[in-house]
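Values below: every heavy atom of this structure, side chains too, minus hydrogens, waters and symmetry copies. Convention: sequence-line order gives letters A, B, ...; per-chain numbering from 1. Predicted model only: the values in this text are computed from it and were never measured.
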Protein chains: 2
Amino acid sequence: MSNNQFKRGELYSVINGMATTAVARRLQKNFRNAGLEITIEQWSVLYHLWKEDGLSQLELGNRTFRDKASTTRLIDNLEKQELVTRIASKDDRRINLVYLTDTAKPLQQITYELANKTMNESLQNISKEEIEVVKNVLQRVYDNLTNKDLV
Amino acid sequence: MSNNQFKRGELYSVINGMATTAVARRLQKNFRNAGLEITIEQWSVLYHLWKEDGLSQLELGNRTFRDKASTTRLIDNLEKQELVTRIASKDDRRINLVYLTDTAKPLQQITYELANKTMNESLQNISKEEIEVVKNVLQRVYDNLTNKDLV
DNA sequence: GACATATAGTTAGTTATGCAACTAATATAA
DNA sequence: TTATATTAGTTGCATAACTAACTATATGTC
């Protein structure tokens, strides 16, 4: 069909996404070593709230590539740790708007630094041009799989 | 420190590995649509056994980038489905060698086809050269994070 | 041989994932 | 305005991840 076939022996290493998994693990380790109790999944939610506070659960799910059930539990856990609060929208009471608490705010600076540190560790000896190609290709892969229905 | 910093706004999309996640989800969906009951994680183990049957659990963990606890459960589930069996090594009874059953064998052909189909769907309009760059960079990222101790 | 150490695998505990079925609130149509 | 459909979020169920503590077997040293 397409002409872009991986050799079979290489299929798994690509699908597995070992590199991105390793980056996530390293970031988690860097959080833990700094005494931060949050998971990277929780951080991914906080990250988007620091950019724009008061998003709905559905919107947070979209931005972090999760379904709504996963988003619900993640926010449950963030609420348990008192890092966010749910506030029902005045306009539409089906919607929960998620807001950062004062506890969450000081985490922004330190976690950004740890994320940058992690990226530096990951990207040693990799050129800006290569990074651009990777980002671009991963985005196109993502678009290939989400912008059309399953055949 | 390094000169390869992502802009903050781009950090998450890279760390999250959205593309590889999307590929994994699509492969899972393609399995399900074909009536196959296995998860992609289970498939990743079968994949390595089809290449070389009778690996130890530890070796399977290494090849699929999992720790031993995760490998144990995955093989528990594969055994429940009667796709593999554990046989204690004669030489060292600590070691479980994992073997494919006759039930697993016919899955190889169909799952390889579905994996190739998934890769074709994912890699539409992406050139061989770009794919080479991505594979190379991801490998180097992985090496950066695993070939040395945490700072 | 006896004791300490290392290794392979298991188990417990916590978090996270996805799907499917459900509730509650809103929007649409008759 | 009442019945129907859609939407946002929750819950149940199953799988999977990692860490830490554990068991059993092997190895190494005295």
* Structure fact -> Between CD1 of Ile40(A) and C1' of dC18(D) the distance, given in whole Å, is 11 Å
* Asked: What nucleic acid atoms does Asp67(B) come within less than 4.0 Å of, heavy atoms only: base, sugar-phosphate, or nothing?
  -> base
* Which one, dT25(D), dT7(D), dA16(D), comes nearest to the side chain of Glu41(B)? -> dA16(D)
* Glu79(B) atom CD, over 12 foreign heavy atoms within 6.0 Å -> yes
* Asked: Going through the distances and angles, do Asn77(A) and Lys80(A) end up as a side chain to side chain donor-acceptor pair (under 3.5 Å)?
  -> CA-CA 5 Å; Asn77(A) 284 331; Lys80(A) 257 189 255 168; 3.1 Å; yes
* To do: Look only at the side chain of Thr101(A) and the backbone of Leu83(A), and say whether a donor-acceptor pair between them is shorter than 3.5 Å.
  => yes
* Relative to the ring of Tyr142(A), is the ring of Phe65(A) parallel (under 30°), tilted (30 to 60°) or perpendicular (over 60°)? -> perpendicular
* To do: For DNA chain C, find the residues of residues 72-81 of chain B with a heavy-atom distance under 4.0 Å and give them by number; none if there aren't any.
  => Thr72(B), Arg73(B)
* To do: Identify whether any heavy atom of Thr39(A) sits under 4.0 Å from a base atom; if not, whether one sits that close to sugar-phosphate; answer base, sugar-phosphate or nothing.
  => sugar-phosphate
* Ion pair present between Glu52(A) and Arg63(A), side-chain N to carboxylate O less than 4.0 angstrom? -> yes
* **Gap between atoms CH2 and C1', on Trp43(B) and dT15(D) respectively (whole Å)** => 18 Å
* To do: Determine the contact category for Gln28(A): base if any of its heavy atoms lies under 4.0 Å from a base atom, sugar-phosphate if only primed atoms, P, OP1 or OP2 are that close, otherwise nothing.
  => nothing
* Outermost DNA chain C nucleotides near chain B [under 4.0 Å, heavy atoms] -> dA6(C) to dC19(C)
* In whole angstroms, how far is the C1' atom of dC22(D) from the NZ atom of Lys68(B)? -> 10 Å
* Asked: Under 3.5 Å, is there a donor-acceptor pair between the side chain of Arg26(B) and the main chain of Leu145(A)?
  -> yes
* Which atom names give the shortest non-hydrogen contact between Gln28(B) and Ile38(B), and what distance separates them? -> NE2-O, 3.2 Å
* Asked: Rounded to the nearest Å, what distance is computed from the CD atom of residue Glu59(A) to the P atom of nucleotide dT7(D)?
  -> 15 Å
* To do: Measure the distance from CG on Leu58(A) to C1' on dT10(D) and round it to the nearest whole Å.
  => 13 Å
* To do: Using whole Å, report how far CZ of Arg32(B) lies from P of dT15(D).
  => 14 Å
* Whole angstrom is fine here: how far is it from CG in Asp92(B) over to P in dT27(D)? => 6 Å
* **Side-chain donor or acceptor of Glu59(B) paired with backbone N/O of Ser56(B) under 3.5 Å** => no
* Could you check which of dC18(D), dA16(D), dT7(D) has an atom nearest any side-chain atom of Arg25(A)? => dC18(D)
* To do: In whole angstrom, give the distance that lies between atom CZ of Arg66(B) and atom P of dT15(D).
  => 15 Å
* Find which nucleotide of DNA chain C each of Ala69(B) and Ala69(A) is nearest to by heavy atoms, and output the residue with the more 5' nucleotide. => Ala69(B)
* Asked: Counting only N and O atoms by type, is there a donor-acceptor contact under 3.5 Å from the side chain of Asn96(B) to the main-chain atoms of Gln57(B)?
  -> no
